There are 2 protein chains.
Amino acid sequence: MATLADVARHAGVSTATASRIINGSPKPVADALRARVLAAVAELKYVPNAHAQMLARSHRSAVGVIVHDVSDPYFAEITRGLQRVAEADGRLAIICNSYRQPDRELEYIDLLHAHQVAAIVIAGSGYLDADTAARLDDRLRAFEATGGRIAVIGRHEHTGDAVMPDNEEGGFLAAAHLFELGHTEIAVIAGPMALTTTYDRLAGLRRAVRKYRRKLPKERIVHSDFTRDGGVAATERVLAEFPEVTAILALNDSMAVGALAALRGSDRRVAVIGFDDMPIARDVTPSLTSVRLPLTELGERAMRLALSEAGDAPRVEHIAAELVQRESTWAL
Amino acid sequence: MATLADVARHAGVSTATASRIINGSPKPVADALRARVLAAVAELKYVPNAHAQMLARSHRSAVGVIVHDVSDPYFAEITRGLQRVAEADGRLAIICNSYRQPDRELEYIDLLHAHQVAAIVIAGSGYLDADTAARLDDRLRAFEATGGRIAVIGRHEHTGDAVMPDNEEGGFLAAAHLFELGHTEIAVIAGPMALTTTYDRLAGLRRAVRKYRRKLPKERIVHSDFTRDGGVAATERVLAEFPEVTAILALNDSMAVGALAALRGSDRRVAVIGFDDMPIARDVTPSLTSVRLPLTELGERAMRLALSEAGDAPRVEHIAAELVQRESTWAL
DNA sequence: TCACCTGAGGTAAGCGCTTTCCTAGACCGT
DNA sequence: ACGGTCTAGGAAAGCGCTTACCTCAGGTGA
């Protein structure tokens with residue numbers, strides 16, 4: 001492993017000069033030396049040790065990202081936005097999957113803290129009991145206390161910079177759409193109640209129920225997990241238990257796709273509306289009506305927030321939801 | 001930012017002792033001291049500086065991953081496998097998107113090298129002209145020369161440890177399947193010729209053509225990119241130009257989904273077979289026959305290779321492909 | 001001619017940690 | 001009581017860099 005000292009020796013200069021030449025410092029250097037140093041770099045295949053650099057200049061550059069799971073399309077799209085902005089800012093984004101496990105999240109926060117990242121963006125945490133939430137907040141504060149910046153995506157407990165997808169409004173839009181089409185007997189297949197996503201979307205939905213003066217019996221909200229197979233299972237329960245239901249509102253597209261799959265194996269004709277408008281929505285049959293959230297933009301905004309100077313007051317940005325109508329919903 | 005020295009001072013011990021206690025070194029330490037140091041850590045919210053640690057212990061722990069794009073389902077699944085193994089080994093995986101741009105790849109290799117990663121895994125590089133390939137190889141060698149390990153996924157030019165999905169065999173299986181079903185007039189919608197994936201799958205397909213004594217005129221291989229919309233475009237060309245075609249072989253599932261979409265807007269009944277068996281394959285209509293590649297396993301194997309000791313000779317592992325039949329192909 | 005700049009380049013002090021080597025006290029046997 | 005052996009803990013030397021500060025030419029003006 002060639003070091004700066006090797007390069008300097010090889011070129012017959014001091015490490016100071018070598019460092020200045022390699023990093024393009026403003027200090028003027030004779031062209032002859034510059035050439036010699038650059039030649040030495042090439043010959044020794046010198047690559048500076050990033051850790052030593054970080055330590056010496058003690059300025060933070062990388063940023064950390066903690067998401068539920070990058071492979072999940074929802075987070076993949078958010079992550080894309082995050083990365084794009086980080087990269088445009090010349091920063092390495094270290095991305096970590098928490099799989100919604102608070103301990104992992106905790107662990108990663110410390111890891112990123114230890115790696116001296118300039119900022120941490122968190123999206124899609126799991127359920128937090130008061131105790132865990134407190135510990136997490138504690139770690140986050142500790143990180144902030146050292147000058148680190150934090151931005152979260154869609155988490156209420158956090159008091160700090162955040163960008164919030166308007167899940168409540170989205171829930172309202174979805175339910176309103178079904179009511180407008182004349183569906184009165186609807187069922188909801190939802191993710192775990194502990195996720196704020198679930199909570200908020202349900203809240204909007206209930207607002208629509210009230211506004212349209214409909215009923216939504218509690219047992220018609222079936223909880224499962226936010227996956228395709230979770231959607232299949234939940235839909236099977238709905239079909240078995242509620243023969244009167246004519247529309248299913250799925251709280252995300254994965255579940256909606258599962259609903260469509262379950263429906264395919266039954267003789268019932270039930271409308272389905274999803275949430276998130278993932279790319280697949282166009283390609284299932286029938287194509288899926290969904291509530292679109294501009295996830296890439298969500299990520300971009302969050303990263304920009306994280307990279308901006310800390311303000312006096314916490315900044316919260318909202319991202320609007322929008323209905324995309326396709327073939328899986330129709331007028332009754 | 002609390003440092004180890006702060007903790008030591010606060011606890012009234014030397015940094016040596018503090019370090020030993022915090023890292024659980026085997027050296028015995030009095031319980032009283034241990035307690036004091038741990039208390040100081042908690043009180044000062046001390047988080048060790050990972051860069052300083054790396055520098056001091058000069059042993060590499062993190063691993064680097066360079067893929068085309070984590071958001072792409074194909075690479076998402078590979079990445080999942082990579083991460084799983086890295087994490088099981090207690091290592092942070094730094095993952096980077098190259099977007100198939102060789103310069104980015106080059107840049108990331110140096111970045112990871114600079115960050116002293118123990119190993120680099122590369123999957124899904126783009127087209128490499130001889131010159132770029134040489135430069136890339138040069139950087140890779142430089143990294144290896146410092147003790148770094150490298151594993152690549154499915155790249156022929158690389159001589160070193162590799163895991164190769166059996167794309168050739170997969171191409172053969174796909175075409176053979178269509179021929180067995182009685183389809184003689186087939187068309188292929190393919191990704192960029194520069195990608196080895198394309199190249200290998202086509203090679204297998206040609207082998208099937210020879211074995212079954214069929215014909216596949218060159219113009220019936222339509223190149224586009226490996227995306228859904230690329231599939232739509234390619235399929236539209238096929239439909240317009242080749243009225244005799246009864247089956248389309250798509251070189252990945254994204255394109256196959258696009259083909260299905262294009263077909264939906266036409267009155268032709270054409271069989272479609274995809275490649276990769278992504279999760280969506282089950283949920284499109286008709287459900288998609290595809291050639292399955294165990295991508296997660298692919299990733300796991302690659303990471304294991306990268307984390308194992310370097311051998312004398314390059315090791316190459318092969319991953320078998322398997323046909324998954326669904327509704328999008330039928331006997332003619 | 002001399003004191004004084006100016007600027008190219010070097011010296012060395014850290015950055016925050018780990019770890020080798022050393023010290024000094026405790027304990028042992030005789 | 002004394003030399004010898006442990007052992008807990010500390011001193012300090014790096015790890016590979018950056019950068020503030022210093023040096024020593026050569027060039028300037030009076």
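Residue numbering restarts at 1 for every chain, and letters A, B, ... go by the order of the sequence lines. These numbers come from a predicted model, not from an experiment.
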**Fill in**
The salt bridge (charged side-chain N to carboxylate O under 4.0 Å, His left out) partners of E300(A) (sequence neighbours excluded) come to R84(A), R304(A)
**Request:** With the side chain counted from C-beta on, respond yes when Y99(B) and D69(B) share a heavy-atom pair under 4.5 Å apart, and no when they do not.
**Result:** yes
**Message:** Are the side chains of N49(A) and T3(A) in contact, using a 4.5 Å heavy-atom criterion?
**Reply:** no
**Request:** Any chance you could list the contact pattern along nucleotides 16-21 of chain D? Use B for base contacts, S for sugar-phosphate-only contacts and - for none, protein heavy atoms under 4.0 Å, 5' to 3'.
**Result:** BBBBBB
**Message:** Could you check whether any side-chain N or O of D161(A) sits under 3.5 Å from a backbone N or O of R315(A), counting only pairs where one atom can act as donor and the other as acceptor?
**Reply:** yes
**Request:** Mind telling me whether H51(B) and H51(A) have parallel, tilted or perpendicular rings, with 30° and 60° as the class edges?
**Result:** tilted
**Message:** Given S19(A), which partner from the list T17(A), I21(A), N23(A), I22(A) fulfils the side-chain contact (heavy atoms from CB on, under 4.5 Å) test?
**Reply:** N23(A)
If I take atom [atom1] from residue [X] and atom [atom2] from residue [Y], how far apart are they, to the nearest 0.5 angstrom?
{"X": "F226(B)", "Y": "H68(B)", "atom1": "CZ", "atom2": "NE2", "value": "10.0 Å"}
{"X": "T79(A)", "Y": "I95(A)", "atom1": "OG1", "atom2": "CD1", "value": "5.0 Å"}
{"X": "H318(B)", "Y": "R301(B)", "atom1": "NE2", "atom2": "CZ", "value": "10.0 Å"}
{"X": "I78(A)", "Y": "D72(A)", "atom1": "CD1", "atom2": "CG", "value": "9.0 Å"}
{"X": "R80(B)", "Y": "T296(B)", "atom1": "CZ", "atom2": "OG1", "value": "6.0 Å"}

Write down the protein N/O and nucleotide N/O pairs, taken from nucleotides 25-27 of chain D, whose separation is under 3.5 Å; answer none if there are no such pairs.
none

Side chains of residues 25-43 of chain B: which donor-acceptor pairs under 3.5 Å do they make with residues two or more places apart or in other chains?
unit_1: S25(B); atom_1: OG; unit_2: K27(B); atom_2: N; d: 3.1
unit_1: R36(B); atom_1: NE; unit_2: A11(B); atom_2: O; d: 3.0
unit_1: R36(B); atom_1: NH2; unit_2: A11(B); atom_2: O; d: 2.9

**Request:** Nearest whole angstrom, please: distance from the P of dT18(C) to the CD1 of I21(B).
**Result:** 12 Å
**Request:** Would you work out how much the helix from dT1(C)-dA30(D) to dT30(C)-dA1(D) bends between its ends, with each end axis defined by five base pairs, to 10 degrees?
**Result:** 50°
**DNA chain C contacts among residues 30-39 of chain A, heavy-atom distance under 4.0 Å** = A30(A), L33(A)
